[in-house]
Amino acid sequence: MDLLRFATAGSVDDGKSTLIGRLLYDSKSIFADQLEAVEATSTAKGHDYVDLSLLTDGLRSEREQGITIDVAYRYFATPNRKFIIADTPGHVQYTRNMVTGASTADLGLVLVDARHGLTEQSRRHAVLLSLLRVPHLVLCINKMDLVDFSEEVYERIHAEFTQFATKLNIPDLEVIPISALQGDNVVTRSENMDWYSGPTLIHHLEHIHVASDRDLIDARFPVQYVVRPKSDEHHDYRGYAGQLAGGVLKPGDEVVVLPSGMTSTIAGIDLFDSEIPEAFPPMSITVRLTDDVDVSRGDMIARVKNAPEPTQDIDAMVSWMTNQPLRPRQKLAIKHTTRSARALVKDIQYRLDVNTLHRDQDTKELGLNEIGRVQLRTTVPLLADPYSKNRTTGSFILIDEATGVTVGAGMING
């Protein structure tokens, strides 16, 4: 069954957690004891309705403040598709958490409160989703029940956001009016908004096409582990395991191992305990080669005439995630696919204001939750593609060598 990963975004109290709770509730994805616990907690807090946001806001501090702080992942399925939801925080203080949750999403779901329209944080999250190259975006105009299900309000916010989106890289946009609290247009079509002729949210999520979003042309296979069982049954077995990041691989394909440049041919592709005729992203596979080539973790298998160019000079947009600012001449560890190295910050070209898209070229550092264009020099060549071409081989993380903490996430420019 097909899988869709999507991330919720939007301003504080726009109803992201309630919407996810409604999706889980209306799609019958909640266990009876979970629902009983939520009902009991809602009653204890004096609510006159079942607070479905409690299904995702699990931290005590989240429930006390009524906001989302950490990224909460939830899983559910319908007869048509499986889903992984990343419920990301709306507060500006937790922008780094939002970037983390949206980095692997196929679709971004931005909520706005129909009473308030677009806020600074709504625009901020739309910009971040655009920077992260999330290929599909849904704008959910929530709390329509509080504006008497007004078509005029819907059209006004629709027009305002569409105009704003022209400045961004958003290839696919859908705008849906909903009420997460009452369930209008979430799973079932709303009788209160008969003027709306588009899909319900769940129908759109079930039928949106995401397979073509992945790069099926440029073969990229970062090697994660060398499989050598050395058992009687598999005495001479040597395979290279990892997750296919791009392209399609088949037995008989001529490939090159980077960075060594040695060439060979694919002898077979194994999945679990069976051999398969072809592999495509994001399958986790084991590749066997016809020749005894020196391949180790961090190497990459690609096609001979379509391989990434190894480079030690990296130009990237970096999202900074820690209190200590990023400054030129700083030394960090860098993790790109399965390859690890050390990196020197050569220069910070500008800091991006994600509210206005203004580029501050006078900045000398990046602070917590800030995004900027950074030049890096690595100790070993990285086998990278532009992030716009491949979100796996075009991204990396920066790590504080002293503490082992992830301090930044980068997207390589073309």
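Residue indices begin at 1 and follow the sequence shown.
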Does a side-chain heavy-atom distance below 4.5 Å link [X] with [Y]?
{"X": "Glu160", "Y": "Arg123", "result": "yes"}
{"X": "Gln349", "Y": "Gln361", "result": "no"}
{"X": "Leu216", "Y": "Pro281", "result": "yes"}
{"X": "Met144", "Y": "Ile141", "result": "yes"}
{"X": "Thr100", "Y": "Thr406", "result": "no"}
{"X": "Val127", "Y": "Phe164", "result": "yes"}
{"X": "Asn192", "Y": "Asp145", "result": "no"}
{"X": "Pro308", "Y": "Thr393", "result": "no"}

State, to 0.1 Å, how close [X] and [Y] come at their nearest heavy-atom pair, and which atoms those are.
{"X": "Ala267", "Y": "Pro251", "result": "O-CB, 4.1 Å"}
{"X": "Ala165", "Y": "Ile170", "result": "CB-CD1, 4.0 Å"}
{"X": "Ser284", "Y": "Leu271", "result": "O-CD1, 3.2 Å"}
{"X": "Ser122", "Y": "Val112", "result": "OG-CG1, 3.6 Å"}
{"X": "Ala279", "Y": "Ile269", "result": "CB-CG2, 4.1 Å"}
{"X": "Ala307", "Y": "Leu258", "result": "CB-CD1, 3.8 Å"}

Output yes when a side-chain donor or acceptor of [X] lies under 3.5 Å from a complementary backbone atom of [Y], and no otherwise.
{"X": "Arg297", "Y": "Gln224", "value": "yes"}
{"X": "Arg339", "Y": "Pro381", "value": "yes"}
{"X": "Thr338", "Y": "Val223", "value": "yes"}
{"X": "Arg391", "Y": "Ala105", "value": "yes"}
{"X": "Asp148", "Y": "Ser150", "value": "no"}
{"X": "Asp400", "Y": "Val407", "value": "no"}
{"X": "Asp2", "Y": "Arg81", "value": "no"}
{"X": "Asp106", "Y": "Phe6", "value": "no"}
{"X": "Gln312", "Y": "Thr378", "value": "yes"}
{"X": "Glu174", "Y": "Val138", "value": "no"}

query: side chain to side chain contact (heavy atoms under 4.5 Å, CB included) between Ile266 and Ile301: does it pass, once the steps are laid out?
result: CA-CA 10 Å; Ile266 295 178; Ile301 295 174; 5.5 Å; no
Is the [atom1] atom of [X] crowded by more than 12 outside heavy atoms at less than 6.0 Å?
{"X": "Arg342", "atom1": "CZ", "answer": "no"}
{"X": "Lys335", "atom1": "NZ", "answer": "yes"}
{"X": "Glu275", "atom1": "CD", "answer": "yes"}
{"X": "Leu146", "atom1": "CG", "answer": "yes"}
{"X": "Glu401", "atom1": "CD", "answer": "yes"}
{"X": "His203", "atom1": "NE2", "answer": "no"}

Test applied, side chain to side chain contact (heavy atoms under 4.5 Å, CB included); reference residue, Lys346; option that passes from Leu376, Ile314, Val374, Asp313: Asp313
- line: Test side chain to side chain contact (heavy atoms under 4.5 Å, CB included), reference Leu131, set Leu168, Asn169, Leu352, output is Leu352
Verdict with supporting geometry, Glu370 and Thr363, side chain to side chain contact (heavy atoms under 4.5 Å, CB included): CA-CA 11 Å; Glu370 292 184 340; Thr363 187; 5.6 Å; no
- request: For the pair His158 and Tyr154, name the ring-plane relationship: parallel under 30°, tilted 30 to 60°, perpendicular over 60°.
  value: perpendicular
query: What's the verdict on side chain to side chain contact (heavy atoms under 4.5 Å, CB included) for Met411 and Leu132, showing C-alpha distance, side-chain angles and the deciding distance?
result: CA-CA 8 Å; Met411 297 154 280; Leu132 291 163; 3.6 Å; yes
Rounded to the nearest 0.5 Å, what separates atom [atom1] in [X] from atom [atom2] in [Y]?
{"X": "Trp195", "Y": "Glu152", "atom1": "CH2", "atom2": "CD", "result": "11.0 Å"}
{"X": "Leu368", "Y": "Leu326", "atom1": "CG", "atom2": "CG", "result": "12.5 Å"}
{"X": "Thr337", "Y": "Leu382", "atom1": "OG1", "atom2": "CG", "result": "8.0 Å"}
{"X": "Arg124", "Y": "Ile371", "atom1": "CZ", "atom2": "CD1", "result": "7.5 Å"}
{"X": "Lys143", "Y": "Arg115", "atom1": "NZ", "atom2": "CZ", "result": "5.0 Å"}
{"X": "Leu383", "Y": "His336", "atom1": "CG", "atom2": "NE2", "result": "7.5 Å"}

- prompt: Less than 4.0 Å between a side-chain N and a carboxylate O, is that true for Asp253 and Arg303?
  reply: yes
message: Does this structure show an ion pair linking Glu365 with Arg327, if we count only N-O contacts that are shorter than 4.0 Å?
response: yes
Arg214 to Phe280 six-membered ring, cation-pi geometry met (6.0 Å, 45°): no
Test side chain to side chain donor-acceptor pair (under 3.5 Å) applied to Asp270 and Tyr237, step by step: CA-CA 12 Å; Asp270 297 326; Tyr237 187 97; 2.5 Å; yes
- request: Evaluate side chain to side chain contact (heavy atoms under 4.5 Å, CB included) for Phe149 paired with Asp184, printing each intermediate quantity in order.
  value: CA-CA 10 Å; Phe149 302 101; Asp184 293 77; 3.9 Å; yes
